[in-house]
Amino acid sequence: MPDSLCFKPLRSSRGSIWKYLQCGQYGRTGDSLHHFPPAFFFNSEPEEVLSIDEPSASADEEMDSAILFGVMRGNVVGLSYYTGVVNNNEMVALQREPSNPYDKNAVKVNNVNGDQVGHIKRELAAALAHIMDSRLAKVEGVVPFGAKNVFTMPVQLSFWGKDENRQVVLNHLKQYGFKLDPMAKGFGSNWITKRAGPSYSAPVLPAVQMSAEQLMTEFDKLFEDLKEDDKTREMEPAEVVGTPLLPHQKQALAWMVSRENSKELPLFWEQRNNLYYNTLTNFAEKEKPENVLGGILGDDMGLGKTLEAIALILTNFHDGKPLPVEKRENDQSYQKCNVTEKPEKCEKGNTNKLGKRKCEKGISKLHKEATCSFQKDTDFDLALAEPATKVKRKAMKKGAIVSQCSAKVVSEKKTRATLIVCPLSVLSNWIDQFEQHVKPTVHLNIYVYYGPDRSKESAVLSKQDVVLTTYSVLTHDYACRSNSPLHKVKWLRVVLDEGHTIRNPNAQQTKAAVDLEAERRWILTGTPIQNSLKDLWSLFCFLKLKPFADREWWHRTIQRPVTMGDQEGLRRLQALVKNITLRRTKTSKVNGKAVLELPERKVFVQHITLSEDERQIYESVKNESSAVIGRYFNEGTVLTHYADVLALLVRLRQLCCHPHLAKNTSFSGIPGDSTPEELQEKLVNKIKLVLSSGSDEECTICLDSLTFPVITQCAHVFCKPCICQVIRSEQVSALMHSLTELRKKNPMIKSLIVSQFTAFLSIIETPLRESGFVFVRLDGSLTQKKRIEAIQCFQSSAPESPTIMLLSLKAGGVGLNLTAASRVFLMDPAWNPAAEEQCFDRCHRLGQKKEVIITKFIVKNSVEENMVKIQDKKRELAAGAFGTKKMSSSEMKQAKIKEIKALIDI
DNA sequence: ACCGCCGGGTGCC
DNA sequence: ACCGCCGGGTGCC
């Protein structure tokens with residue numbers, strides 16, 4: 001529930017290696033861990049690997065390192081005043097109620113469902129209030145017995161907190177005459193282990209725990225066998241899916257359909273008599289808990305998650321029947337009612353109709369809707385008077401069509417629309433894929449909810465087959481939810497593409513997504529967990545996974561046990577993830593055959609030697625940088641100057657690419673002293689100066705006044721002819737050589753040229769042009785529209801289409817499909833090997849027919865070589881993460897300092 | 001009748 | 001509500 005998301009204000013916490021390593025504990029305790037491919041859990045993120053750790057401050061992070069102070073018995077009173085009921089051994093939540101008019105110390109006791117059971121007895125509440133308010137300890141309760149009492153019942157309280165608060169808590173309780181039992185021996189062992197036990201520190205009670213464990217193991221096994229079977233069954237998609245599915249895609253479809261139609265109880269629930277029990281919390285209720293009608297489709301990039309989702313939408317409507325779609329009788333109707341304009345050319349906010357490709361401009365959406373929907377009589381006639389009427393009459397004679405119509409009429413009352421939320425960068429991909437995979441004889445109503453003219457009528461959205469929108473729009477709308485049709489419609493299905501974008505539970509976009517109302521919920525992501533176990537929680541919240549959507553139950557039943565190394569907790573987590581996730585990697589097998597048979601991929605490293613001049617500049621800047629960083633080391637302030645240090649390193653890397661990238665710094669004294677803003681300002685001022693003063697500025701190459709002045713990133717002004725000549729003669733030529741050779745061999749081969757520095761891409765443009773290469777460019781500065789244009793242009797197989805794409809490493813992120821390219825030139829190494837891999841995958845993915853050859857340029861004897869060494873280490877680290885012990889933050893800092901030293905050879 | 005005892009009214013925080 | 005607590009009724013054994 002959204003409430004739990006707002007539970008406590010937290011700093012926005014990005015991942016860190018610390019958290020990543022914390023997860024290493026899975027491996028320490030788990031013997032059955034091979035079920036989780038490591039990549040599923042740990043995916044290091046490019047920009048985070050060398051980022052500074054923020055101090056751990058948030059409430060829930062405190063809980064991660066909490067220890068058990070002890071336990072005590074208390075009483076819950078006033079039971080007869082409240083509706084909440086509990087079972088013996090059921091977990092309860094304690095909640096302060098400072099506004100209580102009878103006692104400002106009041107502490108409420110709620111059951112797992114959030115219903116109030118009673119209050120903590122006054123005297124005890126007086127002692128607890130301060131502890132809870134000051135967060136000296138988290139107090140958790142279990143009702144050991146007496147759950148059916150009418151007036152009062154006992155409650156076993158356990159106190160968890162930071163070690164340093166332990167004594168404070170004990171003393172405070174003592175003042176009120178209470179005392180904590182250490183919990184180690186005997187006390188309460190019966191009640192605590194029997195059911196709710198495993199969530200507590202497991203090792204103290206081995207004997208009793210074993211039996212509980214064994215029980216669960218048996219249960220898990222049963223469950224696993226069942227589910228594994230479920231995941232290998234294949235299913236044919238609805239007839240209207242025009243693309244044949246690969247075996248693993250049919251498996252995904254079968255699994256997704258079975259998830260959506262599941263009548264089973266959710267995991268960890270069982271029926272006893274007339275009640276449904278949650279075996280983790282011992283909560284019970286009369287009403288059957290809803291299973292998650294959905295889950296996480298965690299297939300690797302390139303396996304076809306989009307197609308799998310489209311197949312699902314078309315195949316599984318209500319009662320296991322396909323979505324009743326409007327059939328187009330023949331091509332005539334298509335022609336007649338079509339404005340053949342490409343959706344890509346639509347203005348923002350317009351409706352893109354599949355197959356129809358109708359773009360609306362200014363006219364009301366409803367009106368436009370009518371243009372092609374020949375089952376809506378009035379609208380239809382209005383918009384498309386004569387010819388379509390004929391089409392329709394003709395159509396109505398056909399039985400198939402009639403039944404389609406009636407099916408539609410019946411289903412009209414049922415929730416119909418699927419909402420797809422995705423990052424802007426893949427929005428057009430969805431449109432393309434719908435167009436590609438839905439038979440052209442079918443008309444699907446697709447509404448792109450984006451742009452200033454998007455309809456605010458929820459009725460418009462709810463009658464679509466598919467509504468596409470972006471996370472930004474979703475979040476924006478959520479801010480004024482009363483006016484957001486997205487948050488009013490009761491969706492048949494909500495699909496979050498690149499669903500890991502909601503992994504931060506405090507982010508507005510997470511809340512906006514969780515707040516959507518839907519019968520079925522899906523998360524598509526290649527990386528369900530990026531940094532730690534916590535990432536999963538948001539996803540579970542979105543899926544409305546009972547009772548884990550509430551932070552407390554998630555924490556007590558899963559997160560803490562797992563973090564504390566409890567086997568039981570690990571098994572629960574494992575079962576849970578397996579239950580709702582389908583994950584195949586590129587190397588997964590279906591019936592002994594690889595899921596995806598991609599052409600081979602080869603990576604070559606080409607070492608570059610800097611020219612005499614370049615080496616000179618490099619060395620001088622390097623010495624300067626080393627001196628500055630060395631000073632920081634001596635002062636012990638490396639980490640406080642981290643940003644500066646990074647800037648210096650970036651300069652060095654830029655120098656490896658091209659001296660002009662960092663030219664200003666090599667002349668301007670202390671490197672790293674200008675922020676990007678200052679740089680920007682400098683540049684603007686320079687341009688102003690040049691423009692205002694005519695051309696009295698000198699070109700530093702010909703030392704004459706400027707002809708055709710151009711300005712570089714580093715605020716240097718040259719004559720265009722001069723700088724072109726310089727660039728041509730300089731050693732970017734390793735690339736040019738390869739490209740020219742390649743063109744000689746096969747002029748049709750397309751290449752990606754990748755760099756992290758867009759300025760470097762700009763420099764490369766010149767010799768490319770000179771040599772007559774046709775190229776496009778894709779970087780972060782392009783608008784969505786231009787991006788699509790660039791990609792389409794590049795992907796085109798037309799003879800005059802560009803053969804080269806200049807790509808900035810971070811542009812577009814995941815999801816880009818650049819399979820037209822079969823060569824990649826990586827001009828400079830990235831901090832993180834994963835970022836490079838992701839980039840290679842943009843062309844080495846489904847649809848690639850050719851062998852992919854990747855060339856990495858590495859400058860000899862430079863910061864780049866050192867980076868490659870660190871990359872290798874990181875790969876090792878990631879591979880062995882399971883066995884690694886938790887690093888403290890000071891160890892982490894040491895590791896970072898070491899890294900910096902290694903980079904600049906100090 | 002300054003106590004004890006009895007039995008009815010009453011009851012979370 | 002099988003308790004405790006309160007306060008009124010009551011009063012030899």
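Chain A is the first sequence line, chain B the second, and so forth, proteins listed ahead of strands; every chain is numbered from 1.
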Parallel, tilted or perpendicular for A:Phe548 and A:Trp554, by the 30°/60° rule?
perpendicular
Mind calculating the distance between [atom1] ([X]) and [atom2] ([N]) to the nearest angstrom?
| X | N | atom1 | atom2 | answer |
| --- | --- | --- | --- | --- |
| A:Ile120 | B:dC13 | CD1 | P | 11 Å |
| A:His119 | B:dG11 | NE2 | P | 17 Å |
| A:Arg96 | B:dC13 | CZ | P | 14 Å |
| A:Met132 | B:dC13 | CE | P | 16 Å |
| A:Leu79 | C:dA1 | CG | P | 13 Å |
| A:Asn75 | B:dG11 | CG | C1' | 15 Å |
| A:Lys148 | C:dA1 | NZ | P | 15 Å |
| A:Asn100 | B:dC12 | CG | P | 12 Å |

Please determine, for C:dC13, whether a Watson-Crick or G-U wobble partner exists with both distances under 3.5 Å, and give it or none.
none
Go ahead and name the base partner of B:dC2; Watson-Crick or wobble counts if both distances stay under 3.5 Å, otherwise write none.
none
Less than 4.0 angstrom from a charged side-chain N to a carboxylate O is my criterion; do A:Arg556 and A:Asp550 meet it?
no
Basic-acidic side-chain contact under 4.0 Å: A:Lys414, A:Glu519
no
For A:Lys108, answer base if it contacts any base atom (sugar-phosphate contacts may also be present), sugar-phosphate if it contacts only those atoms, and nothing otherwise; contact means non-hydrogen atoms under 4.0 Å.
nothing
Answer yes or no as to whether C:dA1 has its base stacked against A:Phe151, where stacking requires a ring-centre separation under 5.5 angstrom and planes under 30 degrees apart.
yes
Which value, in whole Å, describes the distance between the P atoms of nucleotides B:dG9 and B:dC5?
22 Å
P-based separation of C:dG11 from C:dC6 [nearest Å]
24 Å
Count the heavy atoms of every other residue, nucleotide or ligand shown that sit under 6.0 Å from CD of A:Glu164, and state whether that count exceeds 12.
yes
Answer yes or no: side-chain N or O of A:Tyr81 and base N or O of B:dC13 forming a donor-acceptor pair under 3.5 Å.
no
Using a distance-only criterion (donor-acceptor N/O pair, under 3.5 Å, no hydrogens), is the base of B:dC13 paired with the side chain of A:Asp103?
no
Can you see whether A:Asn291 engages A:Ser262 through a side-chain donor-acceptor pair at a distance of less than 3.5 angstrom?
yes
